[in-house]
Number of protein chains: 2
Amino acid sequence: MARARRPGSYVCGIDAAMDVIGGKWKVLILWALHEKPCRFGELRRELPGVTEKVLAAHLRELEADGIVHREAYDEVPPRVEYSLTERGETLNEALGPLGDWGKENMLGGVSAAAGQMREDDDVALIAGRP
Amino acid sequence: MARARRPGSYVCGIDAAMDVIGGKWKVLILWALHEKPCRFGELRRELPGVTEKVLAAHLRELEADGIVHREAYDEVPPRVEYSLTERGETLNEALGPLGDWGKENMLGGVSAAAGQMREDDDVALIAGRP
DNA sequence: CAGCATCCTTCACGATACTG
DNA sequence: CAGTATCGTGAAGGATGCTG
């Protein structure tokens, strides 16, 4: 996306990861799918402003990278469900510290860090999100 | 960079962080400066392929975001040294898990994880780099 | 040495319209 | 509903040349 995709060799792991999440909506898609598997139109509603074309393209890329799973049900009307793969979940977790950093340093360094964070989910891992 | 810079409000911390490191060479600059403070030309040699214009632009943005510090010495010939700020260091650390993920999942999931990793530096934190 | 000034290319993203 | 097809745009990035 933001750079040459799949040149075969990256300078480092960050480079490779940046390639995977380099799309404008990639991380938002990741976040939306982490909350719950979503259908196409559902996803579109979760990401205000994204166009069908771009959403479809991003989903195809994420699928190619093994981040999301696409399940098409042969029904009428057609139904397709997107969900995170195991690899997608680990990516989401790896994004956690970065999200924390962004929230602390770029947003209003809210002190939401300590105390009011629930732990019944893996909120601790993926904090710094909406 | 890759998206609208400083719209004033991001969807989440990841969004904000992605904005900071969204440039094509940003993370490489971060990495180079983490190893040691660098002069402009030095930095250029560390990043094969980057042009002066782009490197200068990225450095200015990183400086504006409080990630790197620019120290200009009034000598002849002119000398400028770039280094990571405290915030830059924390960003670098926050990038660690992502680097690990990229190395494990996108590169040759090398088993370099265990054993042959030296710990005299903070290698453990910022693994997955060159 | 450390840059800024220009011009140019390219690619991600967007808008709109149309199918199975 | 879940997409494809086509056309258009803007901004990031690259190439080259010049300056304090």
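Here is the naming used below: chain letters follow the sequence lines, and residue numbers restart at 1 for every chain. The structure displayed is predicted, hence computed values, not measured ones.
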Between P on D:dG3 and CD on A:E71, what's the gap in Å once rounded to a whole number?
12 Å
How many Å lie between CZ on B:R79 and C1' on C:dG3, as a whole number?
16 Å
Which listed nucleotide (C:dC4, C:dC13, C:dA2) is nearest to the side chain of B:R60?
C:dC4
Euclidean distance, atom CG of residue B:L62 to atom C1' of D:dA12 [Å, nearest integer]
15 Å
Separation of C:dG20 atom P from A:F40 atom CZ, nearest Å, is 18 Å
Can you tell me how far CG of A:L84 sits from NE2 of A:H34, rounded to the nearest 0.5 angstrom?
7.5 Å
Would you give the length of the straight line joining atom CD of A:E86 to atom NE2 of A:H69, rounded to the nearest 0.5 angstrom?
13.5 Å
Less than 4.0 angstrom from a charged side-chain N to a carboxylate O is my criterion; do A:E61 and A:K26 meet it?
yes
pair A:L55-A:F40: side-chain heavy atoms closer than 4.5 Å
yes
Hey, does A:R70 reach any base, or is it just sugar-phosphate, or nothing, if we go heavy atoms under 4.0 Å?
sugar-phosphate
Report, as a single string ordered 5' to 3', how protein heavy atoms within less than 4.0 Å touch nucleotides 14-20 of chain D: B base, S sugar-phosphate only, - not at all.
BB-B--B
Nearest-Å distance for atom pair CG/P, residues A:L59 and C:dA12
16 Å
Counting only side-chain N and O atoms of B:Y82, is one of them less than 4.0 Å from OP1 or OP2 of C:dG3?
yes
Nearest 0.5 Å please: distance from the CG atom of B:D15 over to the NZ atom of A:K24.
10.0 Å
Taken to the nearest whole Å, CD/B:E42 to P/C:dA2 is 8 Å
Does a side-chain N or O of A:H58 approach OP1 or OP2 of C:dA12 to a distance below 4.0 Å, or not?
no
Applying salt bridge (charged side-chain N to carboxylate O under 4.0 Å, His left out) to B:E63 and not counting sequence neighbours gives none
Do NZ/NE/NH1/NH2 and the carboxylate oxygens of A:K36 and A:E46 come within less than 4.0 Å?
yes
Between CD1 of B:I21 and P of D:dA12 the distance, given in whole Å, is 16 Å
A:R39 side chain N/O closer than 4.0 Å to the phosphate oxygens (OP1, OP2) of D:dC1?
no
In whole angstroms, how far is the C1' atom of D:dG3 from the CD atom of A:E63?
13 Å
Contact class for A:Y73 vs. all strands (heavy atom < 4.0 Å): base, sugar-phosphate, or nothing?
nothing
